Amino acid sequence: MSRKQVVIVGGGFAGIAAAKALRRAPVDVTLVDRSNHFVFQPLLYQVATGALAPSDIAVPIRWVLRSVKNVTVLLGAVAEIRPDESEVRLADGTTLPYDYLIVAAGSRHAYFGHDAWEPMAPGLKTLEDAIEVRSRFLSAFERAEGCADEAARAELLTIVIVGGGPTGVELAGIMGSIARKALRGDFRRIDPARARIVLLEGGPRLVPGFREHLSEHALRDLRALGVEVRLNSAVTQVTEDAVFLGEERISTRTVFWAAGNRGSSLSSAFAGHVDRAGHVLVQPDLSVPG
């Protein structure tokens, strides 16, 4: 009898954990990811601010699974999942048949119907995102140093972070610290400590998934670092030179997005079992009904 085929989509925490858990199972496993490396996402914010190098938080997926002999790793982008045919189709036309499918494709940042804001306000989910955020963050100070107009300089030194969850809080905290400490004395025309770091949260408190006293603690710590925290402040528009809160305009050329998550586009394969944010609705054992 031929061995059952398991396909795992995604080489993040969940996909790699699943592959390792099947090391002694009588199955052949194929793990496919569009990147060839695993990223330790909790530290992306440190790469995004230059505190760590990308290589400090990334390792090849093949290396992680080198001792799991029944796992084959493929580099490829999944174009379509066909549950009725029990197969996964890759962008290059390759078809992967399966007996069992594990979808661990992760998520992307959600702009709540305003995807046009993404070019002006990048999020932070991948190494590529982190490198882009780092470039924009450090470039803000470089551009301000070369700017003679005081009003334009103030605009360049205003950095807005949208979303007071863990990512937004981490970014605001480390950016405030870098501006006031790490960059001190590096410039001649500007004082980095005068940078305005603004954290906008649409709800009444930071990190709402945590207990209330921890939210209060985060708020105190950020304000002690000089971060301007605005609660109950929902963003209504993002442009190339401003963020709007209703009629209020915050002039800025540097905006980062940490306001929410949406499920992978691959979740569309499970029509009828997906919520508005693209998250697949599963049973207690994580299986999709039917």
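All values derive from a computational prediction rather than experimental measurement.
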[Y]/[X] salt bridge by N-O under 4.0 Å criterion:
X	Y	value
Arg230	Glu228	yes
Arg62	Asp33	no
Glu87	Arg89	no
Asp129	Arg134	no
Asp115	Arg262	yes
Arg253	Glu155	yes

So which of Leu245, Val160, Val255 actually passes side-chain contact (heavy atoms from CB on, under 4.5 Å) with Val235? Leu245
Would you please test Arg205 and Ser215 for side chain to side chain donor-acceptor pair (under 3.5 Å) and show each step? CA-CA 6 Å; Arg205 64 186 181 96; Ser215 297; 2.5 Å; yes
Contacts of Phe270 meeting ring-ring contact (aromatic ring centres under 6.0 Å, His included) (sequence neighbours excluded), chain-then-number -> none
If you draw a 6.0 Å radius around CZ in Arg66, do more than 12 non-hydrogen atoms from other residues or ligands fall strictly inside? yes
Are more than 12 heavy atoms, taken from residues, nucleotides or ligands other than Phe244, located less than 6.0 Å from that residue's CZ atom? yes
According to a hydrophobic-cluster definition based on side-chain heavy atoms being under 4.5 Å apart (Ile, Leu, Val, Met, Phe, Trp, Tyr only), do [X] and [Y] belong together?
X	Y	answer
Leu286	Val27	no
Val229	Val198	no
Ile8	Val282	no

Please state whether the rings of Phe38 and Phe13 are parallel, tilted or perpendicular, taking 30° and 60° as the class boundaries. perpendicular
Quick one: sort the Trp117 and His114 rings into parallel, tilted or perpendicular, breaks at 30° and 60°. parallel
Donor-acceptor pair, distance only, cut-off 3.5 Å: does the side chain of Ser267 make one with the backbone of Gly278? yes
Sidechain-backbone polar pair: Arg136 side chain, Thr254 backbone, donor-acceptor under 3.5 Å: no
Just jot down the side-chain hydrogen bond (donor to acceptor under 3.5 Å, both in side chains) partners of Glu118, sequence neighbours excluded, or say none. His109
Not counting sequence neighbours, which residues clear side-chain hydrogen bond (donor to acceptor under 3.5 Å, both in side chains) with Asp285? List them please. Ser287
Let me see the working for Arg249 and Asp241 under salt bridge (Lys or Arg N to Asp or Glu O under 4.0 Å), right down to the final yes or no. CA-CA 10 Å; Arg249 182 182 192 274; Asp241 60 358; 3.3 Å; yes
Give the intermediate values and the outcome of salt bridge (Lys or Arg N to Asp or Glu O under 4.0 Å) for residues Arg143 and Glu145. CA-CA 5 Å; Arg143 292 162 64 197; Glu145 177 82 348; over 6 Å; no
